[in-house]
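In each ligand, atom 1 is the first atom listed, and ligand 1 is the first ligand listed.
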Amino acid sequence: MLCPQCDMLVALPPLAFGTRALCPRCKTTLSTRWEEPRKQPIGYALGALFMLLLANIFPFINMRVAGFSNEIRLFQIPQVLVADDYASLATLFMVLVQLIPAFCMLAIILLCAKVRMPLVLKEWIAKMLFQFKIWCMVEIFLAGVLVSFVKLMAYGDIGIGNSFVPYCLYCLLQVRALQCIDRRWLWQDIEPAPHLDRSLKVGRTGMCQGMRSCHCCTAILPADQTHCPRCHSTGYVRRRHSLQWTLALLLTSFILYIPANMLPIMVTEALGSKINSTIMAGVILLWGEGSYPVAMVIFVASIMVPSLKMLAICWLCWDANGKGKKRADSERMHLIYDVVEFVGRWSMIDVFVIAVLSTLVRMGQLMNIYPDTGAVLFALVVILTMFAAMTFDPRLTWDCGNETIKKEPKGDGK
Ligand SMILES: [Zn+2]
Ligand SMILES: [Zn+2]
């Protein structure tokens, strides 16, 4: 198969149970063979769906301050946000924490259980499953809840409700179910890969052999064939205008990033006085109160990661544009790309913290927290940078290195 990250053609040996195949050039996991490729994901996914149901039925967390108390359930979070005219944040919560993960779990069950349905529908579900995978932010929401606990501990007693434990289990099962799904295996299971009539050389890139890999189902296709016969997605040898798109998205997110940091992300109303707090002010407040670890988490997740991520993507684009020409660079750039892809989602923590705080802290005249414009902008920044990282074609970083690889064996022969 062609490595999706560096376009190297790799011959996959038959894998033993529980082992993974790594790309020899970029060390990306190409395929994993699970012992029970059907039963395991179905079990985890069913468990996750059941836990999600439990998590929504019972009270999630509660808070008591000087006689006032407030208890919330998970589904109340969007309700309160909509009532505050922050439908955008409510939608974000519903979609990222509940709908998309639930859809993915359902998709895993349907696909692995070999439920009888039209092939077109099956292909569509599988395509959506892999596209939605990185938008499942269940574990990030959990981290957000924990951060809010620490933030609120100074003000009153926080208690966990009956659905908190099911939610944690939902989070674990969901992550595990997604982990157990192997893209190559699943597509092979839906439909065998299209037949190839030419012989290919292992250890060389797909591009120099006139081949491309389908970004969706990993099938190897001739370079001039833009339509994949298996998953019906269109693709090219390299993602078209990848750098332009990435830079455009990056620029937009950078422009939004400035007001997101200047405008208040939430308003705290305590005993009649209003305090607007920006992201930085929140960090300083936490630091001042002595909760250093949480202050660090928020600082890293909301300030360092987004700005470093923008810089990193810029650097990746600049490098892919052909200015860096060393092979060592490709490996380093690839590491940066991996980190950027993995870490980017975690910036959402702050948005979820605001969602939890503004739902939980409704104590009438005593204390109220409302979200503010900055939070919406910040969420947009995170989403845009995630898209920017997605539109970036990682194979471009390896293309510059190509010449050097071809030269190396020659050098040895002399
Ligand atoms: Zn590779
Ligand atoms: Zn395909």
Side-chain angles (χ1 to χ4, degrees), residues 1-13 15 19-32 107 111 119-133 181-196 200-240 242 316 319-320 327-342 389-390 392-406 408:
M1 86 185 268
L2 285 172
C3 171
Q5 304 273 317
C6 70
D7 204 26
M8 164 96 91
L9 188 72
V10 182
L12 285 186
L15 295 172
T19 52
R20 322 179 279 163
L22 298 181
C23 168
R25 178 148 76 147
C26 66
K27 309 285 180 292
T28 312
T29 306
L30 296 174
S31 185
T32 312
L111 290 174
L119 193 63
V120 186
L121 186 65
K122 245 181 181 177
E123 280 161 357
W124 183 80
I125 291 179
K127 226 160 120 175
M128 284 299 147
L129 171 64
F130 290 114
Q131 260 167 27
F132 281 161
K133 221 171 140 180
I181 287 291
D182 183 53
R183 192 188 279 248
R184 203 177 110 89
W185 176 84
L186 192 68
W187 276 107
Q188 213 69 272
D189 188 57
I190 293 172
E191 209 185 324
H195 180 70
L196 271 179
L200 297 172
K201 263 190 208 144
V202 173
R204 298 191 57 192
T205 60
M207 192 160 67
C208 68
Q209 302 183 60
M211 291 310 214
R212 72 174 184 91
S213 107
C214 173
H215 61 91
C216 175
C217 69
T218 71
I220 302 177
L221 305 167
D224 45 5
Q225 191 180 342
T226 53
H227 179 90
C228 170
R230 177 153 69 164
C231 65
H232 304 291
S233 49
T234 37
Y236 302 90
V237 180
R238 293 290 175 268
R239 222 167 275 164
R240 282 188 145 191
S242 164
L316 279 169
D319 178 80
R327 168 120 167 82
D329 269 350
S330 292
E331 257 156 33
R332 203 175 56 211
M333 287 334 260
H334 186 78
L335 187 75
I336 293 173
Y337 175 78
D338 273 354
V339 170
V340 162
E341 267 231 304
F342 175 77
M390 275 159 66
F392 181 78
D393 196 330
R395 290 171 293 193
L396 290 172
T397 48
W398 294 93
D399 287 347
C400 334
N402 261 350
E403 294 169 52
T404 355
I405 304 169
K406 275 179 233 155
E408 268 167 13

Counting backbone and side-chain atoms alike, does Cys217 have an N/O/S atom under 2.8 Å from the Zn ion (ligand 2)? yes
So, His232 and the Zn ion (ligand 2): N/O/S under 2.8 Å, yes or no? no
Can a donor-acceptor pair be found between the side chains of Thr29 and Arg20 at a distance below 3.5 Å? yes
Donor on one side chain, acceptor on other, Asp7 and Thr205, under 3.5 Å: no
Shortest non-hydrogen contact from Cys231 toward Trp187: CB-CH2, 3.4 Å
Where do Pro4 and Pro394 come nearest, in terms of heavy atoms and distance? O-CG, 4.2 Å
Ring of Tyr236, cation from Arg212 - is the NZ or CZ under 6.0 Å from the centre and inside 45° of the axis? no
Working for salt bridge (charged side-chain N to carboxylate O under 4.0 Å, His left out), residues Arg395 and Asp393: CA-CA 5 Å; Arg395 290 171 293 193; Asp393 196 330; 3.1 Å; yes
Is the side chain of Gln209 donor-acceptor paired with the backbone N or O of Met211 at a distance under 3.5 Å, no angle test? no
Residue-atom pairs from the protein, N, O or S only, that lie under 2.8 Å from the Zn ion (ligand 1): Cys3 SG, Cys6 SG, Cys23 SG, Cys26 SG
To the nearest 10°, how many degrees is the angle Cys231 SG to the Zn ion (ligand 2) to Cys228 SG? 110°
